Amino acid sequence: MIDIKLIRENPQKYQDACKAKKFDIDIYRLLELDQQLRFNNEHLQDLLTIKNRVGKSIPTLSGNELQAALSELSLTKKEETTLQQQIKELKPEFDALILQVAQPTDDDVPVGKDDTENVEIRREGKVRQFDFEPKDHVQLGTSLDIIDIERGVKLAGTRNYILKGDGAMLHWAVLRFAVDFMVGRGYVPMSVPLLMKDETMTGTGFFPGSEDQTYRMEADQLNLAGTAEVPLTAYRMDEILKTDELPLKFFAMSSCFRREAGSAGKDTYGLYRIHQFDKVEQVVICENSVEESNKFHEEILANSEGVMAALGLPYRVVMVCTGDLGRGQAKKYDIEAWMPSRKNYCETHSASKFYEFQARRMNLRYKDPAAKKNLFCHTLNNTVIASPRVLIPLLELYQNADGSVTIPKVLQPYMGKEKITPRL
RNA sequence: GGAGCAGUGGCUGAGCGGCUGAAAGCGACGGUCUUGAAAACCGUUUUACCCAUUGGGUAACGGGGGUUCGAAUCCCUCCUGCUCCGCCA
């Protein structure tokens, strides 16, 4: 959410920000509502002042004076009711609109319409050239009997799968490695609930907007989180933190649930785009400072790059363009791993910087001794590892001519072996 | 799921129609004292918003609604917690 004061000062900036991110919001309608609400509120406040003053004198009055006071109060009350009625009508529209105003992006964010215009920053690692005809991850998974998509779909419908034997082990190995890695970086491990209230979804910025992408438990009015970003970021929601608590650095491993509505027919092959997966996610909550936010944005990116490097996966870092940014994101880096079967670098990580956009929605603040008041925190998050998507490059790049798959060194302790071999 | 009890400031806890944005204690912060610390003593200490130069005003005692000139205090409802019962991974 954006501070209404900032919008008043420079409405065009926010109108432009919405446009760049392809959100159709009428900032000027918002300002109009704001003005009416302020006018009504001021008027109401004056009325209440009178009401309080007269009301307080009531016990000291009697006879005609009392009657006069009471009739004055009944008049102000009538006026108060009218005003409150008007406010009640205007407020919901105002609230709904201001939640939709987009966070302006940093100046260095490239302008573009969609993900095809994201800008590559650099490439890391060497893409493997095969001297045999490589299989894709589905073929490998089937021949090694470690991935069973057909039966996953039988049980749970399209975009579902089952990992089996070394497939399940490899999946967990990757996650466990990521967990240990993040512990090593000093982040606090968290095990969190995944059925989230609407307020939590709104606080983190997923609602309004991503209702279509969210599995909803209507009977209980809860929502299955699509990422542990939601519980981790909202963990201290509605609180005022002590300055020395900051920065908060968390990570959680969790299952993630996504409806993938609107992507019918897209990425239908294999384990790329699925309804349920597991992810280790990192979140940083820091003080209200652009420098701090930038510092931690680089830090969480570096954490994930550390994981990719340890896994020996070639990847590139891209800066996401305006048209591909979410409403609240000021800047975002994606890490894209090389996926041989897709013949491209494909997204495996997404490092987002929000400034106070989420914190303001969640009313997450801290006492700032310098400013001598409560400021909204800044929030950031990034994937540490998401599996089974990362198994795509992992299996495909580590395959051998004989159909086996070598297990990356750092994962071997978790697997208790060096190779996944076909059953005979 | 049923019954009972309860939800007040950072915490404990009083208030149970106007004098209460809220006693008291603890904690925290600042000061005096001290070589330093502790103790003692003094002071400060909820939040958001509005108008104005110092200052003034409004709202909030779990959420929402109601009664009343006036609600932390009475009523309704929802939520949360605790205790007992039921059911159960």
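Numbers restart at 1 for each chain; the letters A, B, ... are given by sequence-line order, proteins then strands. Computed from a predicted model, the values in this text were never measured in an experiment. Side chains included, hydrogens not; waters and symmetry mates left out as well; all remaining heavy atoms used.
Only the P atoms considered, B:U20 is 16 Å distant from B:G57, to the nearest whole Å. Going from the C1' atom of B:G13 to that of B:G25 covers 8 Å, rounded to whole Å. When the C1' atom is compared between B:C61 and B:G10, the two are found 16 Å apart, to the nearest whole Å. B:G2 and B:G66 have their P atoms separated by 27 Å, with the value rounded to a whole Å. Rounded to whole Å, the P atom of B:G31 lies 12 Å from the corresponding atom of B:A38. Between the P atoms of B:G63 and B:A72, the separation comes to 11 Å (whole Å). Atom name P, nucleotides B:A23 and B:A14: the rounded distance is 14 Å, in whole Å. Only the P atoms considered, B:U58 is 23 Å distant from B:G9, to the nearest whole Å.
The main-chain N or O of A:G323 is never found under 3.5 Å from a side-chain atom of A:D114 such that the two would form a donor-acceptor pair. Side-chain N or O atoms of A:Q213 include one that pairs as donor or acceptor with a backbone N or O of A:A261 at under 3.5 Å. Looking only at distances, a side-chain donor or acceptor of A:T383 sits under 3.5 Å from a matching main-chain atom of A:S350.
Across all strands shown, B:C88 has no partner, as no Watson-Crick or G-U wobble contact with both distances under 3.5 Å is found. Base pairing of B:G7: its partner is B:C79, meeting the Watson-Crick or G-U wobble criterion (both donor-acceptor distances under 3.5 Å). Shown here, B:G55 forms a base pair with B:C51; the pair counts as Watson-Crick or G-U wobble because both key distances fall under 3.5 Å. B:C74 is paired with B:G66 under the criterion used here, namely a Watson-Crick or G-U wobble arrangement in which both key atom distances are under 3.5 Å. Searching all strands for a Watson-Crick or G-U wobble partner of B:G27 with both distances below 3.5 Å returns B:U45. When both distances must be under 3.5 Å, the Watson-Crick or G-U wobble mate of B:C61 does not exist. Look at B:U20: it lacks any Watson-Crick or wobble partner with both distances under 3.5 angstrom. For B:G36, there is no paired base (Watson-Crick or G-U wobble, both distances below 3.5 Å).
For the pair A:L241 CG and B:A28 P, the interatomic distance rounds to 19 Å; values are reported in whole Å. Nucleotide B:C50 holds its P atom 11 Å from the CD1 atom of A:I4, rounded to whole Å. In this structure, A:N374 atom CG and B:U45 atom P are separated by 15 Å, rounded to whole Å. A:L66 places its CG atom 18 Å from the P atom of B:G18, with the value rounded to the nearest Å. At whole-Å resolution of the value, CG in A:D198 and C1' in B:C79 are 14 Å apart. The distance between atom CG of A:D238 and atom C1' of B:U80, rounded to the nearest whole Å, is 14 Å. A:I87 places its CD1 atom 17 Å from the P atom of B:C49, with the value rounded to the nearest Å. Atom CD in A:E245 sits roughly 15 Å away from atom P in B:A28 (whole-Å rounding).
The cationic atom of A:R389 (NZ for Lys, CZ for Arg) does not lie both less than 6.0 Å from the six-membered ring centre of A:F277 and within 45° of the ring axis. For the pair A:R327 and A:F23, the distance from NZ or CZ to the six-membered ring centre is under 6.0 Å and the angle to the ring normal is within 45 degrees. Taking the centre and axis of the six-membered ring of A:Y215, the NZ or CZ atom of A:R258 falls outside the cone set by 45° and 6.0 Å.
Heavy atoms of A:K367 sit under 4.0 angstrom from primed sugar atoms or phosphate atoms, though from no base atom.
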Nucleotide by nucleotide, nucleotides 54-77 of chain B touches protein heavy atoms under 4.0 Å in the pattern (B base, S sugar-phosphate only, - none) ---BSS---------BS-------
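Side-chain N/O atoms of A:K279 and A:T227 include a donor and acceptor closer than 3.5 Å. For the 3.5 Å distance criterion, the side chains of A:R38 and A:N40 fail to qualify, holding no donor opposite an acceptor. Residues A:H349 and A:N382 bring no donor and acceptor atom of their side chains to less than 3.5 Å of each other.
Note: A:F250 and A:Y235 meet the aromatic proximity criterion, with ring centroids under 6.0 Å apart.
We find that A:D148 and A:R151 are joined by a salt bridge, their nearest charged nitrogen and carboxylate oxygen being less than 4.0 Å apart.
Sequence order on RNA chain B of the closest nucleotides to A:K197 and A:I240 puts A:I240 first from the 5' end.
RNA chain B is contacted by A:R38, A:E42 of residues 32-44 of chain A, taking any non-hydrogen atom closer than 4.0 Å.
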